[in-house]
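Encoded as structure tokens, the structure appears first; notes follow it.
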Amino acid sequence: MISERVLSIFKELNAIPRPSHHEERVADFLCEFAQRLNLSYERDPANCVVIRKPGTEGHENAEPIVLLNHMDMVCVGMDDPLTAPIDAYVEDGWMKARGTSLGADNGIGLSMALAVLESNDIVHGPLEAIFTTNEEDGMSGAAQLMPTFIKGRKVINLDSEDYDTITTGAAGACLQFHEIPATRVPAPASGMEWFRVRVEGGLGGHSGVDINKGRCSAVEIIKRLFYFIGKVCDMRISTLKIGEANASIPSTAELVFCMPKGAKTNFVIQQETVTKNWLKYTYGGTDPDVCCTIEKCEPEATVISGHAIVALIECLNGVPQGVIRMSDTMKETVETSNNIGVIEARENCIFVSTHTRSFIDDVLERLANHIADVFKGHGANSRRVMTAPAWQEDQNSNFLQLTSNVFKDVLGWYPRMVAMHFVLEAGYFVKKYPGIQIACIGPRIVEPHSTSERVELSTVDDIWRVLIELLSRLA
């Protein structure tokens, strides 16, 4: 049976809003959890928390073990992530959420760590349960950790979506923010017709693990409309908002524009049908529910200067989107990719985020520089928000072999050992804490960072049993 306490803690956690950059209330919850159990804890200026628990009787002097999780989540489908509740439910053995992302990434792993801290029946050595902030949007929490924050050098990272796998490596990443200067001018007072474009229903998904699934990026839809409508009429854009999070494939978009009244109005309206047919033909197998609507709307007060829109289009045409190269050495694994995550027209600029990943640090650096140069070449300001190193473990180490053997003894099969095209905080930990070893395990989580996110409950039970046995053997 699934540890009921793990799921009840997860329910408590999902009552606390926790988007990236806003983890204060979750950090409060963790500190209060430690206080209730009379465990020592520490909270750093970035709201990262470590809770320490002595080893069980007879194992007090064993090597300390670190349980690593992050406390933030990607909030997709939420009108206001700081107040929106997560309505979770169980269906056919899976836990899902109604209309929003579930937060199983990394809430289930976090709940497991807290359940271990709370239990008096699990054999373990000294524990350091660390919970980092802003993992999903820059990993600034891990990047800013003090070298003294943890002492353990064996880490069980419970932030994984691949149940049958020990993740032993992860791609490096570079998150960049670009700002194209833009001025707003009063919208024409008369002689214009206004339209609102909405893109909805795309699956979106994780811009690392889902990048090779051929899914529709809302950026591509808006680019297409820019091209076809902009070719036949004088488009003046007022509202532009694409994407939900820097680490997600954009699934939604809103575009408000005006054009001179006249014969081309019918052409604009017809683009809804044309685009729907194109979406069905191109993405019917990957995003069956993605749709685009175009309707007339009320005028808005200002529009964006035309030169900024031209610069944006040129930048989007010059920046790669999606898979760039598959690995020659890791079967069916993406080596290098880039995702345009968010585009938003703001007061004085058009904001664009790009998330570049690669297993090869030199390739990552060159591609990130190229993307920045494209934007700078069209007058934009570009800055790096995060650069995370790639990470690879020795799959023959005693620690990883022990972890693999526990899977075999508990579940009856050996897990795969693979490197994944998502970014983990492990790269920072390896650099910051010399000699550290990391095994990344977790239950089966499907479609993280999307409204289709779900976790298979039987695998939560299995990973929980693996975790308990692994802690016992490490003690």
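The figures that follow rest on heavy atoms only: side chains count, while hydrogens, waters and symmetry mates do not.
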Residues at least two apart in sequence or cross-chain that pass ring-ring contact (aromatic ring centres under 6.0 Å, His included) with His355, listed by chain then number, are none

Taken in chain and number order and not counting sequence neighbours, the residues that satisfy ring-ring contact (aromatic ring centres under 6.0 Å, His included) with Phe149 are none

Tell me whether the NZ or CZ atom of Arg98 lies within the 45° cone about the ring axis of Tyr89 and under 6.0 Å from its centre.
yes

Is any side-chain heavy atom of Arg236 less than 4.5 Å from a side-chain heavy atom of Met192?
yes

Pairwise side chain to side chain donor-acceptor pair (under 3.5 Å) hits with a residue in residues 191-202, at least two apart
Glu193-Thr265, Glu193-Lys296, Arg196-Glu254, Arg198-Glu295

Can you list everything that forms a side chain to side chain contact (heavy atoms under 4.5 Å, CB included) with Lys431? Sequence neighbours excluded, please.
Pro389

Between [Y] and [X], is there a side-chain donor-acceptor contact under 3.5 Å, judged purely by atom types and distance?
{"X": "Asn339", "Y": "Gln321", "value": "yes"}
{"X": "Ser337", "Y": "His421", "value": "yes"}
{"X": "Ser353", "Y": "Asn246", "value": "yes"}

Verify whether the ring centers belonging to Phe429 and Trp391 lie closer than 6.0 Å.
no

Ignoring hydrogens and angles, tell me if any N or O in the side chain of Asp87 forms a donor-acceptor pair with the backbone of Ala97 under 3.5 Å.
no

Run the side-chain hydrogen bond (donor to acceptor under 3.5 Å, both in side chains) test against Gln271 and tell me which residues pass, sequence neighbours left out.
none

For residues 173-189, run the donor-acceptor check on the side chains, cut-off 3.5 Å, and write out each pair with its distance to 0.1 Å, sequence neighbours left out.
residue: Gln176; atom: NE2; partner: Ala368; partner atom: O; Å: 3.0
residue: His178; atom: ND1; partner: Ser382; partner atom: OG; Å: 2.7
residue: His178; atom: NE2; partner: Thr354; partner atom: OG1; Å: 2.9
residue: Thr183; atom: OG1; partner: Ser305; partner atom: OG; Å: 3.4
residue: Arg184; atom: NH1; partner: Ser238; partner atom: O; Å: 3.1
residue: Arg184; atom: NH1; partner: Thr302; partner atom: OG1; Å: 3.1
residue: Arg184; atom: NH2; partner: Ser238; partner atom: O; Å: 2.9

